[in-house]
Amino acid sequence: MYFCAKVTDLISWIGVNDRRTERFENYLPLPEGVTYNSYFIDDTRTCVIDAVEFGTEGNYFDRIENLLNGRQLDFLIINHMEPDHSGSIFDLTKLYPAMKVVGNKKTLEMIRCFHHKFDESKFMAVTEGEILDLGHHKLTFAMMPMVHWPESMATYDTTEKILFSNDAFGSFGAIDGGIFDDEIDVTKYEDEMRRYYSNIVGKFGIQVSNAIKKLSTLEIKYICPSHGILWRKDIARVIQFFDNWAKFIPDEEGVVIVYGSMYGNTARMAEALARDLSIFGVRNIKVYDASKVDASFIISDIWKYKGLFIGSTSHNNAVFPKIDPILSKLQNYGLKNKFLGIFGNMLWSGGGVRGIQSFADSLPGIEVIGEAIEVKGAPRREDFIRLENLARKMACKVLCKEIDSELTACANNSCSL
Ligand code: FEO
């Protein structure tokens, strides 16, 4: 689907809906698609903000030509050099030889890496707070280093109070007709925004907090990110989401249970934990078999909830191969502000539980609850009682209250024992 949509009288969304690409950055699944948002500003001097992924252009260039209506394109602002926004720079410079490519000095270093034939006389470097005067619209720039690349920046239209925030406040999910948050049910985009944030930007929480602090001084009537829908109704809510995620503050009470199991014993332990948590009053419980569900969805829910159980069988004296990449990513991102419970299974020398414990030891911001539970072979009655006690500790933590000691999950769950 390729269309133009008015953001305001003089600004158009000219992005691309990509429903074809299977995996973003060639590893994150896109069941709902993705957009590469690009914007056209109609003014005395014409301007495009952010381009689109190479190979997805469709009639992107024709739409720009229609909007120009015989005029030249004067500026292409590149807020971020990742190829999903910069892939069409080279074609645009060929179509509009007089056009200036606008970025900061780190942008140019990256253009040199990606586009070896780029004519640097076409580059215009801008700095923090500098004004680019289009005639009616006066644009300025806010550097956002490591949100999520070194050259990342935002463009702010001081005239119409629009923040072109690039990846910040972006989400997976193609646009299904409505481009603004007040034109659609935003639930899908909020989930896909968290998945986008946690998997792509999640390592850079401090830098995201700094960027939010900087942007909070601006009057913002629209947030126009480079992915997903545009925000004009619930701007404060979106900013709050990002601010919380940057600090690992959960969206809701709840617990994620993720496990890797070969013969079903670790899976049985996971199911028992889930049932116990439910009996103890936890309402949001997400159980994931890591062999079945892509890690990006699991990581997104780990950001969403405060409690986390990780379980692994032992595989060649180590963590199960489908759990290992999740631990590796969470470790790389410096996960914190979570309660963690550990469980698993072994037959001779173990390794699964030991691996999760090493992971937890490397993350000082994680609070491990209780003792790790490692079962040899199939779980027995006493193992289910230990699991119940661990679930009770987790429920106390995430619900911030004591659980009635008369309430025993095992009594309600006798057929598992
Ligand atoms: Fe949407 Fe970091 O590229």
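Whatever order the structure lists them in is the order used to number ligands and atoms, beginning at 1.
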Less than 6.0 Å separating the ring centroids of F118 and F90? no
Any cation-pi pair here, R194 with F241, using under 6.0 Å and within 45°? no
Which atoms of the protein, restricted to N, O or S, are nearer than 2.8 Å to atom 2 (Fe) of ligand 1? H80 NE2, E82 OE1, H148 NE2, D167 OD2
Does [X] use its side chain to pair, donor to acceptor, with the backbone of [Y] at less than 3.5 Å?
X    : Y    : answer
D157 : I162 : no
T35  : N17  : no
T159 : K138 : yes

Between D167 and H148, is a side-chain hydrogen bond (donor to acceptor under 3.5 Å, both in side chains) present by the stated rule, with each step listed? CA-CA 8 Å; D167 281 348; H148 64 121; 3.0 Å; yes
